[in-house]
Amino acid sequence: MARSGSYTATAKWLHWGMALIWIAAWFIGILATHWRDELNPGHGLTILHKAIASTLLFLIIIRVAWRLTHPTPAMPDTMSPLMQRGAVLGHVLLYAVALIGLPLTGWFWSSVADKPIMVAGLFALPPMVGPDENLYDLAKATHTYMSWFCGALVGGHILVALKHHFVDRDDVLKGMLPER
Ligand code: HEM
Ligand code: HEM
């Protein structure tokens with residue numbers, strides 16, 4: 001796919017919209033589990049967490065389709081080939097683990113626990129597999145550890161974006177910001 005100076009407007013909307021949903025879902029997940037007695041006695045935060053996070057399963061289909069059919073900005077020449085390969089690997093991990101794998105493990109967990117997922121509070125997501133008590137602990141551990149790994153991955157992604165802008169002073173962050 002040909003390279004250009006900036007992401008398309010649609011790619012920017014998808015990136016920032018999904019980033020907002022992702023970061024909100026992550027913090028609500030942490031609050032729901034670690035402050036359960038104080039903030040989540042009636043499971044309200046768990047229901048909210050699942051309602052917003054599950055929208056990512058649908059948005060990612062549009063996002064990947066758009067990504068594969070539209071140009072992305074060239075990386076700056078100041079980045080070494082090794083750094084450029086690192087950036088590609090980081091983005092592949094964000095797509096595969098944070099935006100696809102993590103919602104799938106949440107869906108799996110709720111399915112084995114026989115709990116509903118209301119997508120954006122609008123309609124129920126069908127269960128991925130039937131209820132299974134024997135898989136509960138595995139499903140819970142997978143989603144929990146993966147969520148922490150992804151917290152670190154996204155934290156690193158944000159720090160690298162800020163380093164490009166404020167330390168390297170290149171156009172990487174500008175390519176993802178709204179056109180002025
Ligand atoms: C279909 C999508 C998802 C479903 C059904 C789901 C389901 C769940 C459930 C049931 C919990 C436990 C909440 C509780 O015990 O009250 C949880 C925890 C959590 N989820 Fe999700 N999740 C989904 C997507 C995501 C996404 C996209 C993220 C990241 C943004 C995420 C991050 C977390 C975190 C950080 C926790 C707390 C883990 C801990 O115990 O420390 N989840 N999720
Ligand atoms: C304050 C938060 C964030 C900032 C400042 C930020 C910044 C950026 C920037 C500057 C790029 C373009 C990189 C390049 O041109 O090489 C980018 C790409 C990307 N970001 Fe973020 N991001 C943020 C949050 C997130 C979150 C929460 C996710 C997902 C969990 C995410 C996933 C991605 C992905 C997958 C790409 C690759 C886009 C592509 O080339 O297809 N970002 N981000």
Side-chain angles (χ1 to χ4, degrees), residues 1 3-8 11-12 14-36 39-60 63-64 66-68 70-76 79 83-84 86-88 90-113 115-120 125 127-128 136 139-151 153-165 170-177:
M1 186 52 65
R3 297 257 142 171
S4 66
S6 176
Y7 283 91
T8 60
K12 291 176 188 175
L14 286 166
H15 174 270
W16 292 113
M18 291 176 78
L20 199 71
I21 292 170
W22 198 97
I23 292 168
W26 195 85
F27 280 107
I28 294 168
I30 293 287
L31 292 179
T33 45
H34 299 275
W35 281 269
R36 188 178 303 287
L39 300 175
N40 195 20
H43 308 298
L45 285 182
T46 308
I47 292 166
L48 180 64
H49 170 73
K50 299 198 286 183
I52 68 167
S54 55
T55 63
L56 294 171
L57 289 164
F58 297 87
L59 292 169
I60 191 65
R63 177 141 176 207
V64 169
W66 190 269
R67 174 67 168 83
L68 295 176
H70 291 80
T72 56
M75 288 185 208
M79 283 173 76
M83 294 265 283
Q84 298 201 9
V88 171
H91 292 163
V92 169
L93 279 178
L94 282 166
Y95 279 117
V97 188
L99 292 172
I100 299 174
L102 190 57
L104 286 179
T105 61
W107 185 5
F108 180 67
W109 182 10
S110 280
S111 302
V112 301
K115 294 275 166 56
I117 303 170
M118 291 300 289
V119 181
L125 198 66
M128 181 193 266
Y136 184 90
K140 177 179 177 176
T142 311
H143 189 64
T144 303
Y145 288 121
M146 202 187 256
S147 73
W148 295 344
F149 172 78
C150 289
L153 185 68
V154 168
H157 172 65
I158 295 172
L159 288 179
V160 170
L162 294 176
K163 175 183 178 282
H164 275 289
H165 194 68
D170 58 28
D171 287 340
V172 168
L173 181 59
K174 279 191 209 130
M176 192 48 102
L177 291 176

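We count ligands from 1, going down the list as the structure has it; atoms in each ligand are counted the same way. Start at 1 with the first residue, then count along the sequence.
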Write out the residue and atom name of the closest protein heavy atom to [atom], then the distance separating them to 0.1 Å.
atom                    : answer
atom 16 (O) of ligand 2 : H91 CE1, 3.3 Å
atom 14 (C) of ligand 2 : Y7 OH, 3.6 Å
atom 4 (C) of ligand 2  : W16 CH2, 3.5 Å

Judging by distance only, is a nitrogen or oxygen of Y95 under 3.5 angstrom from one on ligand 2? yes

Look only at interatomic distance and state if R67 has a nitrogen or oxygen under 3.5 Å from any nitrogen or oxygen of ligand 2. yes

Return yes when at least one protein heavy atom is under 4.0 Å from atom 27 (C) of ligand 2, and no when none is. yes

Any side-chain heavy-atom pair of R63 and L14 under 4.5 Å: yes

Where on A19 is there a heavy atom closer than 4.0 Å to ligand 2, on the side chain, on the backbone, on both, or on neither? both

Residue-level breakdown please: for W66 versus ligand 2, do any non-hydrogen atoms fall below 4.0 Å on the side chain, on the backbone, on both, or on neither? neither

Numbered atoms and elements of ligand 2 in range of V172, under 4.0 angstrom, heavy atoms: 10 (C), 13 (C), 14 (C)

In ligand 2, which numbered atoms sit nearer than 4.0 Å to a non-hydrogen atom of L94? 32 (C), 33 (C), 34 (C), 35 (C)

Can you figure out which of M146, K50, H49 has its heavy atom closest to atom 31 (C) of ligand 1? H49

What angle sits at atom 21 (Fe) of ligand 2 between NE2 of H157 and NE2 of H15, to 10°? 180°

Any heavy atom of W148 sitting closer than 4.0 Å to ligand 1? yes

